[in-house]
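Have a look at the structure below before the remarks.
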Number of protein chains: 2
Amino acid sequence: MVRAERKKLKEAPEKTTRIQEINRRLILDAALDVFSTYGFRGTTIDQIAERAGMSKPNLLYYFPRKQNIYVTLLEETLAEWLAPLAEIDAEGDPIEQLRNYITLKINMSETHPEASRLFANEVLHGAPAISDFLSKYLKPLVDEKAAVIRRWVGEGKLAPVDPYHLIFMIWATTQHYADFDVQVRAIMGSQVGRPGFKEQTAQAVLSIILNGIRPRD
Amino acid sequence: MVRAERKKLKEAPEKTTRIQEINRRLILDAALDVFSTYGFRGTTIDQIAERAGMSKPNLLYYFPRKQNIYVTLLEETLAEWLAPLAEIDAEGDPIEQLRNYITLKINMSETHPEASRLFANEVLHGAPAISDFLSKYLKPLVDEKAAVIRRWVGEGKLAPVDPYHLIFMIWATTQHYADFDVQVRAIMGSQVGRPGFKEQTAQAVLSIILNGIRPRD
DNA sequence: CTGCATTTTGACCAACTAGTCAAGTTTTTG
DNA sequence: CAAAAACTTGACTAGTTGGTCAAAATGCAG
């Protein structure tokens, strides 16, 4: 009896085996594709399992609930998605810092559009799985950077502008190209795929926003 | 026999009765709320029926398929949603025209956020129900207005800017407040509900975009 | 190589949901 | 006001889907 209990306790550290590592990765990669396209409700476990190349019960062996996959995916993605914001340097040149931030976001929209869509879908539906994250992690971070921008405005390094709305505008504009990709393609056609498109987009967005917030005489 | 056929032909004009008009309206209003919150897959006919105050079979008497409600709703909404774009006047003052367009869009985002979310959700999921609409109706309209903006740029009335990206930026920025409402609230808290919030938003958005595209010496 | 732990899966179940149907009720019309 | 048309609904069906389970297959430590 005591032995048995000790055994169970030993398992507590939850060591992950090689196979676990591989399969969890396979599942999460597959799930990102499917969830970002069809949303949480629109995705079936079977779809994810098939794309991950395993049976449904096997998938459920690694993630006992559909929710688990979804939440794990969101958590994994969000930190990465927000990293560029944290890097804005209060001591740097304001225009340069914002130019860099916008450029990073446009790049991410092109290289990881699924992550953007996963997040957009979640927020659009009221953020049931990440409302805690929004208030506990995102809000403080945004507050901090908003304070930085407000200081820059106070020092006359930027035109007077509400920092929160500026941040929203940057998010909205950059993520638009990932989230509304179908619409952008319907309107701009074959241009979207072409080599220089990302640079052209960045140039247009940067031009408008940076000129919009540059201090005026 | 001939009589019977004539009778059927007579029904062809599909006259709508008073009750039909009332109930279709009740259903579409209820459906907008539910679809815009939970998406197509996430919405059940029972939910819509309950909110519309009738039984499910009764609802299905008016719209035989769930799809029918959804598509009708999208068609009804989109025309209204795009109307402001069509009103941009090539002969007017560029800055004034765009100021008016942005203001209208921000107002719509506040008064009809469900419409924006319904559309956002559809496009986010690849626009399966409205890809025709995008290419046949939206694209020509945008092409037309893009040509107007390009002319304005050519005449030196606007800073050199890609008209398509400018339009995307206006869409993204204004609709962000409807589509990402939960996130905006999580960050700006009680300010969002307050009386002057819409005006403050409009002021910030207008200030950045208009200064960003105003011709520079 | 052996025995235990981990991994894998076919078969199954219960809950849910789009849509049907036949029988009733209400409204309209001649 | 009577008959026809329009409307309404309880009860049902068939298909889907999240999740279970027990038994088989595989991996691995000693």
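Chain naming here is simple, since letters A, B, ... match the order of the sequence lines and numbering starts at 1 in each. From a predicted model like this one, the values you see are computed outputs, not experimental measurements.
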Send over the distance from [X] [atom1] to [N] [atom2], rounded to a whole Å.
X: A:Tyr38; N: D:dT17; atom1: OH; atom2: C1'; result: 16 Å
X: A:Phe63; N: D:dG18; atom1: CZ; atom2: C1'; result: 16 Å
X: B:Asn58; N: D:dA11; atom1: CG; atom2: C1'; result: 16 Å
X: B:Glu21; N: C:dT27; atom1: CD; atom2: C1'; result: 16 Å
X: A:Lys66; N: D:dT20; atom1: NZ; atom2: C1'; result: 17 Å
X: B:Lys56; N: C:dG19; atom1: NZ; atom2: C1'; result: 7 Å
X: B:Asn23; N: D:dT9; atom1: CG; atom2: C1'; result: 13 Å
X: B:Gln47; N: C:dC16; atom1: CD; atom2: C1'; result: 12 Å

From the set [options], return the single nucleotide nearest to any side-chain atom of [X].
X: B:Met54; options: D:dT9, D:dT20, C:dT9; answer: D:dT9
X: A:Gln20; options: D:dT9, C:dT7, D:dG19; answer: C:dT7
X: A:Ile45; options: D:dT9, C:dT9, D:dG19; answer: D:dG19
X: A:Thr17; options: C:dT6, C:dT27, D:dC7; answer: C:dT6

Measuring to OP1 and OP2 of [N], would you say a side-chain N or O of [X] lies under 4.0 angstrom away?
X: A:Arg65; N: D:dT17; value: no
X: A:Arg18; N: D:dG27; value: no
X: B:Arg41; N: D:dT17; value: yes

For B:His165 against A:Ala204, the heavy-atom pair lying closest together: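 Heavy atoms of B:His165 and A:Ala204 come nearest at CB-CB, 3.6 Å.
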5'-most by nearest nucleotide on DNA chain C - A:Tyr61 or B:Pro57: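 By nearest-heavy-atom nucleotide position, the 5'-most residue is A:Tyr61.
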Sugar-phosphate, base or nothing in reach of A:Tyr62, heavy atoms under 4.0 Å: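 Contact class for A:Tyr62: sugar-phosphate only.
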Touch class at under 4.0 angstrom, heavy-atom based, for B:Thr44 against every strand present: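 The answer is sugar-phosphate, as B:Thr44 gets under 4.0 Å only of primed atoms, P, OP1 or OP2.
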Side-chain heavy-atom pair B:Ile69, B:Phe40 within 4.5 angstrom cut-off: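 Side chain of B:Ile69 against side chain of B:Phe40, heavy atoms only: no contact under 4.5 Å found.
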Electrostatic pair B:Asp179-B:Arg117, nearest N-O below 4.0 angstrom: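 Looking at B:Arg117 together with B:Asp179, the answer is no, because their closest N to O distance does not fall below 4.0 Å.
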B:Glu76/B:Arg25 ion pair, N-O < 4.0 Å: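 Looking at B:Arg25 together with B:Glu76, the answer is yes, because their closest N to O distance falls below 4.0 Å.
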Contact nearer the 5' end of DNA chain D, comparing A:Ile19 with A:Leu60: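 Looking at DNA chain D, the more 5' nearest nucleotide goes with A:Leu60.
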A:His176 and A:Phe180 aromatic ring geometry - parallel, tilted or perpendicular at 30°/60° bounds: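 Ring orientation of A:Phe180 relative to A:His176: parallel.
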